[in-house]
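In what follows, a structure is listed as C-alpha cells, so that the remarks can point back to it.
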Amino acid sequence: MHDIKLIREAPEAFDMALARRGLAALSAELLALDAKRRAAQAARDEAQARRNALSRQVGEAKKKGESADALMAEVAQLKDRMAALESEEQESSRALDAKLAVIPNLPADDVPDGRDETQNRELRKVGAPRPQADVPGGAKEHFDLGEGLGLMDFDAAAKLSGARFVVLKGGLARLERALSAFMLDLHTQSHGYTEVYPPTLVRDEAMYGTGQLPKFADDLFRTTTGFWLIPTAEVPLTNLAAGQILDEAALPLRFTAYTPCFRSEAGAAGKDTRGMLRQHQFGKVELVSITAAEASDEEQQRMTQCAEEVLKQLGLAYRVVALCTGDMGFGARRTYDIEVWLPGQGRYREISSCSTCGEFQARRMNARYRPKDGKGTRFVHTLNGSGVATGRALIAVLETYQNGDGSVTVPEVLRPYMNGLARIEPAPRKAGKS
RNA sequence: GGAGAGGUGCCGGAGCGGUCGAUCGGGCUGGUCUCGAAAACCAGUGGACCCUCACGGGUCCCGUGAGUUCGAAUCUCACCCUCUCCGCCA
C-alpha cells in the first residue's frame, strides 16, 4: 500500500517508478480521488463539529431548565446533511483505497530495469555446476531418479489428488524431513531466527496484509468456511507484526518456519508439468525479518546469505540474481533470487527468493515501531525469503548427488538427520506393483 | 457443538447517556534529593486523519459494524475474538 501523502508530494516520481514496472501513470487519477476525499472529510468534520457544539448547548440548556427546542431543531436539520457528507466521505475514501490496494510496490533505485526474467542481473555464481555428462548416460531429471528409486509416485498422488501432487516414500520422504530439520536448525542455531509453528489457514486480513489479496485470489486455495491456505509462511510470519507498535529496541524480529505451501497456480498451466518442480503443495522453510526502516537493506543482504548458506552446506551449486523491475513480485521493493543448478535439466532454477518490501506490507497491516529517539511511530520494514524451498532442494539434491546406478548419495550435513544413511538405494520391487 | 462470563490506553483496573481520549495504580521518560543508587517527591507519558508557513484548531478511535438519541465507552442488534464449565477429539 502506498502513502497517498508521498504521491501528493511527488506525483511525477511516483509515475516514473510505475513506468519502470511497465505500468501506466496513475497519480493524476489517485490525486483526484484524494482531493475529493479530503474535501468530503473537511465538510464532514465541520458538520460534525457544529453538531457536537449544539449538543453540548442542549445539555447545558437542559441543566438550567431552559428550552432546547430551537437547538434541537437545528441539529435535526443538520442530520440529513451529515448523513450525505458521511457516505460521501466513506465512498471516496473507499474508492481511493481500492485503487491503492492493487498497485504494486515501487522498485528501489538499484533494481535493474527490465521487462521479464531474461533481464535479471546475475550477481554471483557459487560452486561448480555438475555437468550433465558427469553421470554415465547423462544426468537424469529428478522424476526419473525418484521413480527409478521407487520412492516418488506421481500416479499414486494423482489418484489421491490429481495432477501436481506427489507421494514420497521411504528415503525420499525422510529426505524431505531431513532437509527441513537441517534448515531450521541452521537458521535458529547459527542465524538468530526464532522458530515458529504458525497456522497454515488464515483469514482475509492476513492475506491482505502481505498483499496476496485482493488481487491474487485466483492463485490461492480457499476453504468452504472462508479460510485461505497459505501460499507461503511469509503470510503468517509477517502478519505476526500486524497491528503492533513495537519498540525499536526489540527489532529486528527474525522468524523462521517450515510449512506446507499451497498454490493453485491457475495461470501456470502447461509449465513444468512433469515432476515435482511446480506443485499445488510443497514444503518450504521461510525466513521473515521485521526491521527498523534504516536496517532493511542490510537485512536483505544478510537474509540472502542465510539462504545461500543452506545451499553451500548442502554442496549445491547456485547463482544469485537481482530481479529486474518486470520480474518482481507485487509487494517487493527489491528481490534477489537464488537459483540452484539442476544437472538433470542442465540449468539453474529458482529455489529461493529474498525480498524487502520496505513499508509496503507494514502499511497494509498497520505494523509500526517507536523510534529510539524522536517521537511518534514509523512503519516497520518487512522482509521475506525462502531458506529454502524443501521440495526444490530435494530435487537439487537428487540430481546433484545421483550416481550412475540410480542411487543417490546423501550430502554429509544431512546424514545426522537421515539416521546416518549415506546412500539412498532403489526400493526393492514388490510383486504385483507395476 | 451446548451453557455462562468478558472484550477500555504499554500493563492492571474504574467509568449515573452530557467538556471522557477517558479516574486510579503500575510501568516508562525527565527532574528534585544522593558521592552514587534505592526510596520518596514533582512533572510528563496514545494513535489516525484533515485544515494551517507556523502558533494552533477540528474530526475520528474504549473488539468490529450497524442502530436508538439533541448527545453513546456507557442503551439495542449483529458479527469477531478471549476466558470458564460440559461434550467431542489429535
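Here the options are A/D113, A/T325, A/D109, the test is side chain to side chain donor-acceptor pair (under 3.5 Å), and the partner is A/R20; only A/D113 passes.
Counting to the nearest Å, the P atom of B/C11 and the CG atom of A/L246 are 13 Å from each other. Put simply, CD on A/Q57 is 12 Å from C1' on B/G71, counting in whole angstrom units. Rounded to whole Å, the distance from CD on A/E205 to P on B/U64 is 13 Å. Counting to the nearest Å, the P atom of B/G47 and the CZ atom of A/F379 are 13 Å from each other. A/M365 has its CE atom 18 Å from the C1' atom of B/A48, to the nearest Å. The separation between A/M1 atom CE and B/A48 atom C1' is 14 Å, rounded to whole Å. Rounded to an integer number of Å, the gap from A/D3 CG to B/C50 C1' is 14 Å. Atoms CG (A/L96) and C1' (B/C49) sit 13 Å apart, rounded to a whole Å.
Using a cutoff of 4.0 Å between basic side-chain nitrogens and carboxylate oxygens, A/R8 and A/D3 are not scored as salt-bridged. One finds a salt bridge joining A/R415 and A/E412 here, because a Lys/Arg side-chain nitrogen approaches an Asp/Glu carboxylate oxygen to under 4.0 Å. Salt-bridge check for A/D297 with A/R334: passed, with a basic side-chain N closer than 4.0 Å to an acidic carboxylate O. Salt bridge annotation for A/E359-A/R333: absent, with no cationic side-chain nitrogen under 4.0 angstrom from a carboxylate oxygen. Of the charged side-chain nitrogens involved, none lies within less than 4.0 Å of a carboxylate oxygen, so that A/E88 and A/K36 do not count as a salt-bridged pair. Here A/E339 does not pair with A/R349 in a salt bridge; the nearest charged N to carboxylate O distance is not below 4.0 Å. Between A/R38 and A/D34 a salt bridge is recorded (basic side-chain N to carboxylate O distance below 4.0 Å).
The same atom, C1', is picked in B/C33 and in B/A43; the two are 15 Å apart, to the nearest Å. Using C1' as the reference atom, B/G15 and B/U19 are 16 Å apart when rounded to the nearest Å. Rounded to a whole angstrom, the distance from the P atom of B/G36 to that of B/C53 is 49 Å.
For B/A40, the paired base is B/U32 (Watson-Crick or G-U wobble, both distances below 3.5 Å). In this structure, B/C53 makes no Watson-Crick or G-U wobble pair, since no nucleotide meets both defining distances under 3.5 angstrom. Look at B/A14: it lacks any Watson-Crick or wobble partner with both distances under 3.5 angstrom. Look at B/C20: it lacks any Watson-Crick or wobble partner with both distances under 3.5 angstrom. Under the Watson-Crick or G-U wobble criterion, with both distances below 3.5 Å, B/U45 is paired with B/G27. Across all strands shown, B/C86 is found opposite B/G1 as a Watson-Crick or G-U wobble partner, with both distances under 3.5 Å. Shown here, B/C81 forms a base pair with B/G6; the pair counts as Watson-Crick or G-U wobble because both key distances fall under 3.5 Å. Of the nucleotides present, B/A66 is the one that pairs with B/U76 by Watson-Crick or G-U wobble criteria, both distances under 3.5 Å.
Of the candidate nucleotides B/C70, B/C49, B/C10, B/C70 has the atom lying nearest to any side-chain atom of A/K62.
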Close N/O contacts between protein and nucleotides 55-62 of chain B (under 3.5 Å):
{"residue": "B/G58", "atom": "N2", "partner": "A/D45", "partner atom": "OD2", "Å": "3.1"}
{"residue": "B/U59", "atom": "OP1", "partner": "A/N52", "partner atom": "ND2", "Å": "3.3"}
{"residue": "B/U59", "atom": "O2'", "partner": "A/R44", "partner atom": "NH2", "Å": "3.2"}
{"residue": "B/U59", "atom": "O2'", "partner": "A/D45", "partner atom": "OD1", "Å": "3.0"}

Report, one pair per line, the protein and nucleotides 79-81 of chain B atoms (nitrogen or oxygen only) whose separation is under 3.5 Å.
{"residue": "B/C80", "atom": "O3'", "partner": "A/R203", "partner atom": "NH2", "Å": "3.4"}
{"residue": "B/C81", "atom": "OP1", "partner": "A/R203", "partner atom": "NH2", "Å": "3.1"}

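Ring geometry for A/Y193 versus A/H191: interplanar angle over 60°, hence perpendicular rather than tilted (30 to 60°).
The phosphate of B/G71 (OP1 or OP2) has a side-chain N or O of A/K79 nearer than 4.0 angstrom. At the phosphate of B/A48, OP1 or OP2 sits under 4.0 Å from a side-chain N or O atom of A/T377.
More than 12 non-hydrogen atoms from other residues, nucleotides or ligands lie less than 6.0 angstrom from NZ of A/K215.
A/V75 comes within 4.0 angstrom of the backbone, heavy atoms only, and of no base. Backbone-only contact: A/R8 has heavy atoms under 4.0 Å from sugar-phosphate atoms and none from a base.
For the pair A/S27/A/E12, no side-chain contact is recorded, criterion being any heavy-atom separation below 4.5 Å from C-beta on.
In terms of position on RNA chain B, the residue among A/G59 and A/D34 whose nearest nucleotide sits closer to the 5' end is A/G59. Of the residues near RNA chain B, A/E86 and A/I4, the one whose nearest nucleotide (by heavy atom distance) lies more toward the 5' end is A/I4.
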